[in-house]
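These notes concern the structure reproduced below.
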Amino acid sequence: MSNSRRSACSRRYTLDSIVAMMGEEDRAQQRVHSQSYCCNTLAPGVCLLRYQSALVDEEGEACNFAERCSVWVLTGEQWRLKYHQGTACAPFELIVGS
């Protein structure tokens with residue numbers, strides 16, 4: 001597609017532009033907590049990974065609870081993410097430390 005036909009909102013990103021943008025970002029006020037990982041083999045070299053996640057603020061309060069799953073495919077010697085989904089869910093108890 002020619003540049004003249006490209007949407008005004010489209011933008012190309014390079015590794016250098018992404019690293020520069022990251023350097024300008026403020027420190028996140030929340031961190032991602034994940035737990036309860038379960039991996040099921042769907043076929044040789046294909047796995048379904050399921051887990052729970054939540055955002056946790058600096059005071060330890062959690063929000064944005066989600067059930068997540070992703071499909072991973074072994075390509076040569078490297079696992080590649082082929083699909084990911086997150087679905088909002090009811091709050092759950094966070095499992096911390098072990």
Side-chain angles (χ1 to χ4, degrees):
M1 179 182 301
S2 71
N3 286 341
S4 62
R5 299 199 63 196
R6 218 181 259 162
S7 165
C9 295
S10 69
R11 181 174 176 182
R12 288 197 171 198
Y13 294 95
T14 65
L15 176 60
D16 291 338
S17 70
I18 292 169
V19 170
M21 285 188 297
M22 290 174 63
E24 297 168 2
E25 291 180 349
D26 292 331
R27 182 177 172 269
Q29 300 300 311
Q30 297 176 318
R31 66 176 177 80
V32 176
H33 172 87
S34 59
Q35 65 183 41
S36 301
Y37 285 86
C38 178
C39 185
N40 299 97
T41 301
L42 302 177
V46 181
C47 290
L48 173 68
L49 179 66
R50 295 178 296 134
Y51 62 98
Q52 298 174 316
S53 70
L55 293 179
V56 180
D57 66 19
E58 293 176 336
E59 286 78 40
E61 294 295 318
C63 64
N64 292 12
F65 294 86
E67 298 281 346
R68 300 193 177 273
C69 67
S70 54
V71 175
W72 292 83
V73 176
L74 184 59
T75 305
E77 294 183 10
Q78 185 174 23
W79 286 96
R80 294 188 181 268
L81 177 65
K82 293 295 184 176
Y83 174 81
H84 179 79
Q85 177 180 329
T87 303
C89 68
F92 49 81
E93 185 175 338
L94 300 185
I95 301 170
V96 292
S98 53

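Positions are given from 1 along the sequence.
Residue pairs meeting the ring pair (Phe, Tyr, Trp, His ring centres under 6.0 Å) criterion with at least one partner in residues 17-47, sequence neighbours excluded, are Tyr37-Tyr51. Residue pairs that meet the salt bridge (Lys or Arg N to Asp or Glu O under 4.0 Å) test with at least one member in residues 39-62, sequence neighbours left out, are Arg27-Glu58. Applying the salt bridge (Lys or Arg N to Asp or Glu O under 4.0 Å) test to pairs two or more places apart or on separate chains, none has a residue in residues 73-89.
The distance from the OG atom of Ser36 to the CD atom of Glu67 is 8.0 Å, given to the nearest 0.5 Å.
Summarising the hydrophobic clusters (Ile, Leu, Val, Met, Phe, Trp, Tyr; side-chain heavy atoms under 4.5 Å, direct or chained), the residues clustered with Leu55 are Val32. Within the hydrophobic cluster formed by Ile, Leu, Val, Met, Phe, Trp and Tyr side chains joined at under 4.5 Å, directly or through other members, Ile18 is accompanied by Tyr13, Met21, Met22.
In terms of hydrophobic clustering, with Ile, Leu, Val, Met, Phe, Trp and Tyr side chains grouped at heavy-atom distances under 4.5 Å, Trp79 and Leu49 are assigned to a common cluster. Val73 and Leu48 fall within the same hydrophobic cluster, defined by Ile, Leu, Val, Met, Phe, Trp and Tyr side-chain heavy atoms under 4.5 Å apart, directly or through other members.
Taking all atoms of both residues into account, the shortest heavy-atom contact from Gln35 to Glu93 is NE2-O, 3.1 Å. Here the closest non-hydrogen pair linking Ala54 and Phe92 is CB-CZ, 4.4 Å. Nearest heavy-atom pair across His84 and Ser70 is ND1-CB, 3.5 Å.
With sequence neighbours left out, the side chain to side chain contact (heavy atoms under 4.5 Å, CB included) criterion links Ala66 to Ser53, Arg68.
Considering only heavy atoms from C-beta on, Val56 comes within 4.5 Å of Leu94 through its side chain.
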Practice task
Go through Thr41 and Val46 one step at a time and tell me if the side-chain contact (heavy atoms from CB on, under 4.5 Å) criterion holds.
Solution key: CA-CA 6 Å; Thr41 301; Val46 181; over 6 Å; no

